[in-house]
2 protein chains.
Amino acid sequence: MDALDLDRQLCFALYSASRAMTASYKDLLAELGITYPQYLVMLVLWEEASAPEGVTVKHLGERLQLDSGTLSPLLSRLESLGYVTRHRSAEDSRSVFIRPTAEGAAAKERAECVPVRIGERTQLDPASMPELLETLRTLTRNLRAEPAPVEPPGPLPHH
Amino acid sequence: MDALDLDRQLCFALYSASRAMTASYKDLLAELGITYPQYLVMLVLWEEASAPEGVTVKHLGERLQLDSGTLSPLLSRLESLGYVTRHRSAEDSRSVFIRPTAEGAAAKERAECVPVRIGERTQLDPASMPELLETLRTLTRNLRAEPAPVEPPGPLPHH
DNA sequence: ATCTAAATGGTTGCACACAATTCAATTGTG
DNA sequence: CACAATTGAATTGTGTGCAACCATTTAGAT
């Protein structure tokens with residue numbers, strides 16, 4: 001009966017589930033030649049295909065909560081694979097627009113079956129999915145909120 | 001209404017929540033000078049402190065579902081930090097035993113408050129915790145199970 | 001005793017994550 | 001206009017994750 005027991009930690013249950021999920025995508029995404037984080041980038045690009053210019057690196061970072069240190073090399077790998085192109089904005093040359101190539105856009109069809117396969121593997125009751133999604137999103141939101149500082153309890157923070 | 005929408009993916013909700021959780025541990029673990037995966041290793045060592053020899057790298061890998069390619073460098077860093085010692089087994093010199101040092105064992109006290117702080121930050125109803133834990137564990141177990149092969153439906157595999 | 005297959009831990013290589021820094025471009029201010 | 005502050009991306013450095021490969025050791029079969 002110890003509060004530090006590994007199997008009692010929510011963090012470890014999340015960490016294990018997340019790694020098992022990523023591992024489960026591996027063989028499905030191998031057919032597309034991409035990794036799981038690369039797949040997440042393609043999901044955003046497919047979803048926002050209406051933007052003719054593409055989306056900026058900053059926008060991808062906001063959607064996926066990843067910074068440029070992760071996205072820059074990841075995007076250059078997607079570029080070498082022929083899935084995306086990158087070009088600097090004409091209006092603001094600090095911004096880089098990412099757009100799927102024809103091949104990258106076409107890969108969407110081949111990816112349609114991926115969530116279905118994963119859904120089968122989870123063996124979860126589809127009816128329980130919305131609640132689980134909502135719980136995870138609430139948890140993420142709460143954890144990202146400004147945590148109370150560790151050292152000083154501090155005299156009444158403003159909020 | 002697209003099955004590939006990012007915000008509809010359980011995988012992304014899990015991935016985000018897991019990263020937010022790890023990030024939330026960062027400032028708490030900084031006081032111990034360790035990272036989150038290093039903390040997980042220490043949890044196992046504290047939990048199994050009754051074993052005088054310590055536990056093997058193989059055992060750590062089974063508890064955490066991590067392989068030696070991850071654990072070897074991680075344990076070297078814990079050793080440099082003075083938290084653990086490593087020595088080969090006398091009976092089977094292929095095995096390496098990991099044991100907390102006095103400092104590593106003492107750090108348990110300083111870690112006691114960590115799960116409490118995290119629990120506060122999650123803002124989750126404590127009553128809903130067991131169900132969430134069980135859902136995540138079931139999900140992990142299902143995803144780790146032998147997935148049906150992608151390409152060949154195959155003519156009746158033996159089992 | 002010897003040969004071999006399996007087990008074990010290490011090493012290497014690649015791909016994230018993320019903090020910190022750098023750099024160029026832009027914006028806000030007077 | 002000058003110029004400080006901000007912004008967006010890239011770069012660098014550290015630390016995981018994980019697959020593939022390697023060396024050592026053990027156990028089992030002959």
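Worth saying up front: this structure is predicted, and the values here are computed from it rather than measured. First the proteins, then the strands, lettered A, B, ... as listed; each starts at 1.
- Residues A/D2 and A/R8 share a closest heavy-atom pair of O-NH1, 2.6 Å.
- Using a 4.0 Å heavy-atom cutoff across all strands shown, A/E62 reaches no nucleic acid atom at all.
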Stepwise side-chain hydrogen bond (donor to acceptor under 3.5 Å, both in side chains) check, A/E131 with A/T135: CA-CA 6 Å; A/E131 187 190 336; A/T135 302; 4.9 Å; no
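- In this structure, C/dG30 and D/dC1 make a Watson-Crick or G-U wobble pair, each of the two defining distances being under 3.5 angstrom.
- Remark: nothing in residues 39-54 of chain B comes within less than 4.0 Å of DNA chain C through any heavy atom.
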Base versus backbone protein contacts along nucleotides 5-17 of chain C [heavy-atom cut-off under 4.0 Å; B, S, -]: --BSSBB---SSB
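- The CZ-P distance, from A/F12 to D/dG17, rounds to 11 Å in whole Å.
- Side chain of A/R19 to main chain of B/Q65: a donor-acceptor pair is present (N/O by atom type, distance under 3.5 Å, no hydrogens or angles).
- With respect to A/Y83, the side chain to side chain contact (heavy atoms under 4.5 Å, CB included) criterion is satisfied by exactly one of A/L32, A/L75, A/I98, A/V41: A/L32.
- Rounded to whole Å, the distance from CZ on B/R144 to P on D/dG17 is 13 Å.
- Checked options B/T70, B/L71, B/L64; the residue passing with B/D67 is B/T70 (criterion: side chain to side chain contact (heavy atoms under 4.5 Å, CB included)).
- Here the P atom of nucleotide D/dG15 and the CG atom of B/L64 are 19 Å apart, to the nearest Å.
- The aromatic rings of A/Y25 and A/Y39 sit tilted, their planes meeting at an angle between 30° and 60°.
- Taking atom CG of residue A/L60 and atom C1' of nucleotide D/dA10, one finds them 15 Å apart after rounding to whole Å.
- Of the possible donor and acceptor atoms, one in the side chain of B/T101 sits under 3.5 Å from a partner among the backbone N and O of B/G82.
- Computed from coordinates, the A/D27 CG to D/dA19 C1' distance equals 14 Å when rounded to whole Å.
- Here the closest non-hydrogen pair linking A/T122 and B/N142 is O-ND2, 2.7 Å.
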